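This report concerns only the one structure given below.
Atoms within a ligand are numbered from 1 in the order they appear, just like the ligands themselves. Note that the coordinates shown come from a computational prediction; the quantities given were computed from them, not determined experimentally.
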Amino acid sequence: MNSALRVSQSASSGFAVLVISKALPLWTGLRDGRAAQFAAGIIRSVRDGYNVCIRGKAGAVGTRRRNSRGARRSDRCDQPAEMCIRSLMRRTRPALRALILALLAVTAAAPLDADQWGAILVAGREIWPGETKRFPYGGETSFEAAYIDAPVFVARGIRAGPSLCITAGIHGDEINGTEIARRSFSWVDPQDLRGTVIVFPMVNAAGVRSGNRYMQDRRDLNRAFPGTSNGSVTSIIAHTLFTEISRNCDYLIDLHTGSFSRSNHPQTRVTGKDNRALELARHFGVGIVVIDEGPNGSIRREASDIGIPAIIYEAGEPSRFDLDQIASGVQGIESVMTHLGMLEGGKAITVPESRIYTQTNWVRVPIGAGGYFFPTVELGQVVRKGDRLGTIIDPLTDRYTAISADQSGEVIGLAVAQIVLSGYALVHLGVQHR
Ligand SMILES: [Zn+2]
């Protein structure tokens, strides 16, 4: 490709982001910052021939304002990006519509070209092909800046390729993920890498240091994405990270463990609506795959919704390093990188179809039966309906309550022995697979 064409493609892509991000708020009622994230996602989706999801359509603005949660669910769109944009632009002036479609057409024609491969800009830093950098996100000196300051690791391969982002420590006490992220990055050599690896190893850095799941303002960061630039500290951090993700990531792996004294059998979770994301989960190759959409506001769900294939890996329990689960996680990331063509000679593994669960259920403490819980099953164990899963003892009455499986399935999550109250989730069963 000649350089004049490359320059015009790059300029048209930048201009299209600008125009779309200015026009999207008018079409959909999105805020300005959010619209810029969407615009970057749309451009990437068009260029790579992906589908894209848009929340809110022209004419649906009133609905969003009256009931934005309802609108979020109902306005999902699984059409190719160009179709989505056409339907969004039903009410746009014909001349503006023609201009945007022309810009997108030029952008879509731009292939990933080796001699275009230059520096990537992450959090304001340039990282050139062949370079590895570790730096703090912020750099400002102020009282509040400390909350936003979190480490970033970037390795830019010498050859063009996809950009894989890895986030860990979004829940500060889920430390297996932080060590998986550290090990995975320390073994990346940009001389052998095709593409870019961007790691946010301790997103909730203060929480990792203090062993706290939540943020300093006691909010759950993984319910706050995509965030806002003028909200709570948690919301600002969510917005800051999500903006980097939407600009720079072609794929996302978010690393977690079980929560609140529960342990998880190694598992990836992924939306059932995006085949590229499902392939990512299958090629993680470790444990099982659970198909679910994830909670609103989680980074995985929100990234999926702007067209970035995203998976979550959950293994082990909070506040403890589990070396086997950590090794499995590192192996999973190597396998994904091999699948994406980022590594040559890496070890690729896949999860078989029979290990992809489409339905899972929790067995909970019966109402009034709280007490001391002692499990009698292990993670990964297959149980039949009626099998004993554990016992709860009321320490004041000596009453024993047997906890049994109400369906046949595989134990994929399990509360450790502890004091439990009515309704607490004890055993997670994978009950139906593909
Ligand atoms: Zn978590």
Ion pair check, Arg282 and Glu279, cut-off under 4.0 Å: yes
Cationic N near anionic O, under 4.0 Å, Glu353 to Arg434: yes
Side-chain ion pair, Glu174 and Arg213, N-O less than 4.0 Å: yes
Check: Ser184 side chain, Val330 main-chain N or O, donor-acceptor pair, under 3.5 Å: no
NZ or CZ of Arg262 within 45° of Tyr424 ring axis and under 6.0 Å: yes
Ion pair check, Arg300 and Asp305, cut-off under 4.0 Å: no
Distance below 2.8 Å from the Zn ion (ligand 1): protein N/O/S atoms: His171 ND1, Glu174 OE1, Glu174 OE2, His256 ND1
